[in-house]
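Remarks on the structure that follows.
Side chains are part of it too, since the values below use all heavy atoms of this structure and drop only hydrogens, waters and symmetry mates. Chain letters run A, B, ... following the sequence lines, proteins first and then strands; every chain starts at 1.
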Amino acid sequence: MHRHLEPLGGWRRTHSCGELTQEACGSDICIMGWVQFRRDHGGLIFIDLRDREGLTQIVFSPEESADAHGRAHLLRTEYVLAIKGAVRPRPEGMANPAMVTGMIEVAVSEWKLLATSKTPPFAIEDRSDAAESLRLKYRYLDLRRPKLAKNFILRHKASQSVRRYLDGLGFLEIETPILTKSTPEGARDFLVPSRLSQGQFYALPQSPQLFKQLLMVSGLERYYQIVKCFRDEDLRADRQPEFTQIDIEMSFVEEEAVMSMAEGLVRTLFRETIGVNLPEPFPRMTYGQAMAEYGLDKPDIRFALQLRDVTDIVRGSQFKLFAQAELVKALAVPGGGELSRKEIDELTEFVKIYGAKGLAWIKIKDDEWISPIAKFLSAAERDALVKACSLAPGDIVFFQAAAPEVVNQALGNLRLKLGERFGLIDDSRFEPLWVTDFPLLEFNPEEKRFAAMHHPFTAAQDGHMELLRGDPAKAMAKAYDIVLNGNEIGGGSIRIHDAAMQSAMFDALGISREDAENRFGFLLNALQYGAPPHGGIAFGLDRIIMLLTGAKSIRDVIAFPKTQKATCLMTEAPSDVSPAQLRELGIKLRERPVKQPPEEQNVGLDL
RNA sequence: GGGGCCGUAGUUAAGCUGGUUAUAACGCCUGCCUGUCACGUAGGAGGGCGCGAGUUCGAGUCUCGUCGGCCCCGCCA
C-alpha cells in the first residue's frame, strides 16, 4: 500500500475541527488534523479528525469520490490529513449529541496525506491511563490529549488576563537577567560556570527580588514580569526546580495598596478564566491567629474545624504527658465518634510523619468517655474541655501535647485529613484568605540564630525595628501571604528602602558588614540614591493554574516538566558534556561520573 | 538524608501459600463489512516478568543489592 506524503500545495484550512455546526451545512470547507478514531466499514469509512479545537466526523464514500474513498483504507490512528469536502447534516437518527459537532459530518471529496504516524505508545485520549513516566517520555504526544491541552489553553488565558490587568494599572513588563549573581533567599542556587571568568559562576535567579527593587530605585515605579525562577531543592507534587512567578513591584505604596492591587488581579484572573467571582474583599487573618486556630500558616478555611489551646486546662492533670507539655492543643470533630479503632491507628501513624509521638483521643458517648486517657482526667478538667471544645455526644476529640511546632504541624495536618475523611471540604468552592502580621524573623535552632522569615529586605512594622536588639522574636514584618483553599499562591512585603535600615537588618541577621558588602553591595549602594518607598508581591503561577484547572500535579500545567529527580525523561537532561566543553570552562570533575548501563528502563519502547 | 507505594506483551492489569508450553482486555497485523461514533466480525502475531546476584531440584512469585517512577518528612515559600 502506498503512503505517499503530499505537500499542502496551496490548501488552507477554512475551519477548525471544533466549530462546524448546522449553520455550515452546504458549504465546502477544508480542515486538517489528526486521525482520532477510524471506523472502516469497507464500503464506507468514518474518521474522527482531531485538532486543538475538537473533533469532526468525516465520511469517505464511493458515491462522493471513489478515489478519495479507495485511498482511505490505509489511514491509521494519528495520521495527519487535509481534507476538502462539503458539510452536511447527518442522516435522520445518526446525530451524536455527545459531540459538539455531532449534528454534522463532512463528506470528503478530496484529501491529502500530510504525515503518517507510528502506532503511538499509548492512546491519545483523555481516558488513557498510561504510566506518567511513559507520558513524560512522549510528552509531545501526551500534550495532544484534550484534557492536557486544555490546561495550557487556560494557562494562556490566565497570562493574558494578568497582562491586561497590570497594563491597565500602568505596570511595565520588564525583563531581568537569568544569568545573575547568587542572591540567596534561602534555597540552593543553580550555578552556571563562566567561560570568560574561569572559576567563577553565575546563579540562576531564585526570583528577581533584587532586580525589581532596583527598578523601583530607577524610578520606573511599577514593574511586573511573568518569569521563570529556579531553586535547586527537592521536588514535590506542587514543586518544580524551575517554576513561574507573576512578579510585581510598585513604588510609593504601603501594604494596603499592594494588597488591593493583588486582590484585584486574582479576582480578575478567576473571573476571566473560569468565571468564578471571588469575595470582595478577601477575608484576613493574622499569622498568630492562623497558627493558633489552624496550626498552619496557610489555613484552608473552607471548613470550620479549629484547634483549641487547652494547655491551661490540663496543666495540673494527673496525666503527666499533658501536665508537663509545653503546649497542649485539642481538635474536636463533631460526629467523629464513628471512627474505628483501625482508622484512629492510621491517623496516629499519620501524625507521626510530623514528629508526633502519638495521638491521644476521646470519644464522647452519652454518659461516658471512651478513651485510653479519660481515666486520668478529673471532673473539672472534663467540664473545662467540654466547654473549650464545645463537645457533644457522638464527637471525637484529638490531642497533641509536645513542642509548639510539632503540636501545630501534627494537628494542623490532621485537621486537613479529617476534613477530607468527613467530606467537610466543598471542592467547588474557592476561598481566598490574606495572612498578615508575620514575624520578621524566625529562630533557627540548629544555627542558633535568627533568619528572615520572608527575606532580608522585608521592612519591619512601624516601630518594630527597635525590637531587633532586645526581643527579635517579637518584631513583626510588613509582609502578607495570599492563601487559596489551603495553598499559598502568593506572598510579598513592603521592602526596606533605606540603606541604614537595611544595614541594621543585616546586623540583626548576623551578616557581617563585609559579607553584606560582597553579596548585596549593589543594593546598599542603590538605596543611598533616593530609593522610593516600595513593595510588591509574587504569585506562583503554576500553583494558581493547578487550582484553576483542578490538576493534581504541577506537572500537568507545565508543558515540559521534570521528574522528582529533576530529570527530563524526554530530552534526558541533565546529561554528560564533552571533555572539551569542560576544559573550555576550566572545570575538572572531582570524580568520574558513574556510567549507567545504556539499557532502556521501563520506559524504553522503541521496537 | 529518611519513610512509604510501584515496575509482568505496545498499553492497562491478573498471576493465591515458589511447580509442566505466563493470563485477560485494549492496541497492532490480515480478511469481510455502506451509517458507524471507544463500529462490528473471523483469524493472527507479540512478552519470559526493570536489571544483577543469591536461596532452591525449581523463582514473575522468597532474600539482598541496584536502576527508574510516584507520594511524603526534612529541605524549599
Side-chain angles (χ1 to χ4, degrees), chain A residues 1 36-48 55-64 69 73 76-77 90-99 101-102 105 118-138 184-188 206-207 229-241 243 245 297-298 349-356 409-410 413 435 438 442 446 452-455 479 481-483 487-493 538-540 543 552-553 555 563-565 567 569 594 596-597 599-607:
Chain A
M1 185 109 39
Q36 178 73 48
F37 300 115
R38 142 183 90 104
R39 296 178 291 278
D40 186 343
H41 292 223
L44 197 62
I45 301 170
F46 297 95
I47 298 274
D48 288 340
L55 289 176
T56 295
Q57 172 166 289
I58 61 180
V59 189
F60 299 85
S61 69
E63 290 86 9
E64 192 67 29
H69 173 261
H73 292 293
R76 295 292 180 271
T77 303
R90 294 194 188 183
E92 192 66 28
M94 295 300 153
N96 184 348
M99 289 174 82
T101 59
E105 62 190 9
K118 292 169 73 174
T119 301
F122 53 87
I124 314 296
E125 300 173 47
D126 280 347
R127 62 171 167 272
S128 183
D129 55 352
E132 192 178 10
S133 56
L134 186 69
R135 299 198 283 112
L136 286 174
K137 178 170 179 177
Y138 296 94
E185 284 185 62
R188 201 177 286 116
Q206 295 179 22
S207 81
C229 302
F230 305 86
R231 291 176 190 167
D232 188 6
E233 296 293 345
D234 289 350
L235 276 46
R236 287 284 190 286
D238 63 350
R239 266 162 37 190
Q240 282 273 301
F243 60 98
Q245 282 189 348
D297 63 1
K298 44 179 185 179
E349 288 308 305
F350 175 75
V351 295
K352 284 181 181 170
I353 295 171
Y354 303 99
Q409 252 214 314
N413 285 293
V435 179
F438 284 85
E442 199 172 27
E446 273 146 44
M453 190 155 184
H454 189 61
H455 55 52
D481 275 1
I482 189 159
V483 174
N487 301 278
E488 189 209 323
I489 60 166
S493 63
F539 293 95
R543 286 184 188 174
K552 292 278 182 296
S553 159
R555 294 182 297 278
T563 68
Q564 198 164 49
K565 281 199 177 135
T567 65
L569 295 180
V594 182
Q596 302 304 332
E599 56 184 322
E600 295 276 313
Q601 290 295 331
N602 57 345
V603 292
L605 288 167
D606 291 307
L607 303 171

Q. Does B/rG31 pair with anything, Watson-Crick or G-U wobble, both distances under 3.5 Å, and if so, with which nucleotide?
A. B/rU41

Q. When rounded to the nearest Å, what value does the distance between C1' atoms of B/rC28 and B/rA45 take?
A. 9 Å

Q.
According to side chain to side chain donor-acceptor pair (under 3.5 Å), who are the partners of A/R39, at least two apart in sequence or on a separate chain?
A. A/D48, A/Q57

Q) Mind checking the P distance from B/rC16 to B/rG54? Whole angstroms is fine. A) 25 Å

Q. Whom does B/rA9 pair with, Watson-Crick or G-U wobble, provided both distances fall under 3.5 Å?
A. none

Q. Within the structure shown, what part of the strands sits under 4.0 Å from A/T563 by heavy-atom distance: base, sugar-phosphate, or nothing?
A. sugar-phosphate

Q | Close side-chain approach of A/R555 and A/E132, heavy atoms under 4.5 Å | A | yes

Q. In whole Å, what is the span from the CG atom of A/L235 to the P atom of B/rA77?
A. 14 Å

**Q.** Whole-angstrom distance between B/rG43 and B/rG48, as gauged at atom P
**A.** 27 Å

Q | Nucleotide nearest A/R231 (side chain, heavy atoms from C-beta), chosen from B/rU34, B/rC76, B/rU12 | A | B/rC76

Q) Can you tell me if the side-chain N/O atoms of A/Q564 get under 4.0 Å from OP1 or OP2 in B/rC71? A) yes

**Q.** From B/rG35, B/rA77, B/rC75, nucleotide with atom closest to A/D234 side chain
**A.** B/rC75

Q.
Using atom P in both nucleotides, what's the gap between B/rG58 and B/rC39 to the nearest angstrom?
A. 50 Å

Q: Verify the stacking flag for A/F46 against B/rU36: centroid separation must be under 5.5 angstrom and the ring planes must differ by under 30 degrees.
A: yes

Q: Would you please confirm or rule out a distance under 4.0 Å between OP1 or OP2 of B/rC71 and any side-chain N or O of A/R555?
A: yes

Q.
Taking only the P atom of each, what is the distance from B/rU55 to B/rC64 in whole angstrom?
A. 15 Å

Q) Sub-3.5 Å donor-acceptor pair from the side chain of A/T101 to the main-chain atoms of A/L55, do we have one? A) yes

Q.
Using side-chain heavy atoms (C-beta onward) and a distance below 4.5 Å, is A/I45 in contact with A/H73?
A. yes

Q: May I ask you to say what A/P120 touches in the nucleic acid, namely base, sugar-phosphate or nothing, with a heavy-atom cut-off under 4.0 Å?
A: nothing

Q) Toward the 5' end of RNA chain B, which comes first, A/D481 or A/Q409, by nearest nucleotide? A) A/Q409

Q. Among the nucleotides B/rA77, B/rC75, B/rC72, which one has an atom lying closest to any side-chain atom of A/H454?
A. B/rA77

Q | Euclidean distance, atom CZ of residue A/R239 to atom P of B/rC71 [Å, nearest integer] | A | 11 Å

Q | Test side-chain contact (heavy atoms from CB on, under 4.5 Å) applied to A/S61 - qualifying residues, sequence neighbours left out | A | A/L44, A/E63, A/E64

(Q) Under 4.0 Å, heavy atoms only, any strand: does A/R236 hit a base, just the sugar-phosphate, or nothing? (A) base

Q. A/D297 has an atom CG; how far is it from atom C1' of B/rC76, in whole Å?
A. 13 Å

(Q) Going by salt bridge (charged side-chain N to carboxylate O under 4.0 Å, His left out), name the residues that satisfy it together with A/E349, two or more places apart in sequence or in a different chain. (A) A/K352

Q. Using a cut-off of 4.0 Å on non-hydrogen atoms, how would the nucleic acid contact of A/S128 be classed: base, sugar-phosphate, or nothing?
A. nothing

Q. How far, in whole Å, is B/rG10 from B/rC49 if one measures between their C1' atoms?
A. 16 Å

Q.
Does A/Q36 reach a base, just sugar-phosphate, or nothing at all? Heavy atoms under 4.0 Å.
A. nothing

(Q) Check this one for me: any side-chain N or O of A/T119 less than 4.0 Å away from OP1 or OP2 of B/rG10? (A) no

Q: Answer with base, sugar-phosphate or nothing: what part of the nucleic acid does A/A538 contact at a heavy-atom distance below 4.0 Å?
A: nothing

Q) Taking atom P in both B/rU41 and B/rU23, what distance in whole Å separates the two? A) 23 Å

Q) Within this structure, what is the CG-to-P distance between A/L134 and B/rA9, rounded to whole angstrom? A) 12 Å

Q) If you measure from the C1' atom in B/rU17 to the same atom in B/rA25, how many Å do you get, rounded? A) 28 Å

Q | d(CD1, A/I45; P, B/rC37) in whole Å | A | 16 Å

Q. Could you write nucleotides 38-45 of chain B as a row of B, S and -, 5' to 3', where a protein heavy atom under 4.0 Å of any base atom gives B, of only sugar-phosphate atoms gives S, and otherwise -?
A. BB------

Q. Roughly, in whole Å, what's the span from NE2 in A/H69 to P in B/rC33?
A. 10 Å

(Q) Nearest whole Å is fine: how far is B/rC75 P from A/D232 CG? (A) 16 Å

(Q) On the nucleotide B/rG68, are OP1 or OP2 found under 4.0 Å from the side-chain N or O atoms that A/K565 carries? (A) yes

Q | Sugar-phosphate, base or nothing in reach of A/Q57, heavy atoms under 4.0 Å | A | base

Q. Could you give the NE2-to-P distance, from A/H73 to B/rC29, as a whole number of Å?
A. 15 Å

Q) Which listed nucleotide (B/rC70, B/rC73, B/rU36) is nearest to the side chain of A/M94? A) B/rU36

Q. Is A/H69 reaching over with its side chain to a backbone N or O of A/G42, donor-acceptor style, under 3.5 angstrom?
A. yes

Q: With sequence neighbours left out, write down each residue that passes side-chain contact (heavy atoms from CB on, under 4.5 Å) with A/E125, or none if nothing qualifies.
A: A/Q36, A/F37, A/A123, A/R127

**Q.** N or O in side chain of A/Q240 less than 4.0 angstrom from B/rA77 OP1/OP2
**A.** no

Q: Report yes if some heavy atom in the side chain of A/R188 is under 4.5 Å from a heavy atom in the side chain of A/P241; otherwise report no.
A: no

(Q) Taking 4.0 Å as the cut-off, does a side-chain nitrogen or oxygen of A/T567 come that near to OP1 or OP2 on B/rG69? (A) yes

**Q.** Set of residues satisfying salt bridge (charged side-chain N to carboxylate O under 4.0 Å, His left out) with respect to A/R543, sequence neighbours excluded
**A.** A/D238

(Q) As a test of the definition: with a 90° window around 0 for syn, would you call B/rG48 syn or anti? (A) syn

Q: Test A/V435 against A/E488 for side-chain contact (heavy atoms from CB on, under 4.5 Å), laying out the working first.
A: CA-CA 10 Å; A/V435 179; A/E488 189 209 323; over 6 Å; no

Q: Report the base-pairing partner of B/rC51 (Watson-Crick or G-U wobble, both distances below 3.5 angstrom), or none.
A: B/rG65

**Q.** hbond_proxy A/R76 side chain to B/rC29 base (donor-acceptor, 3.5 Å cutoff)
**A.** no

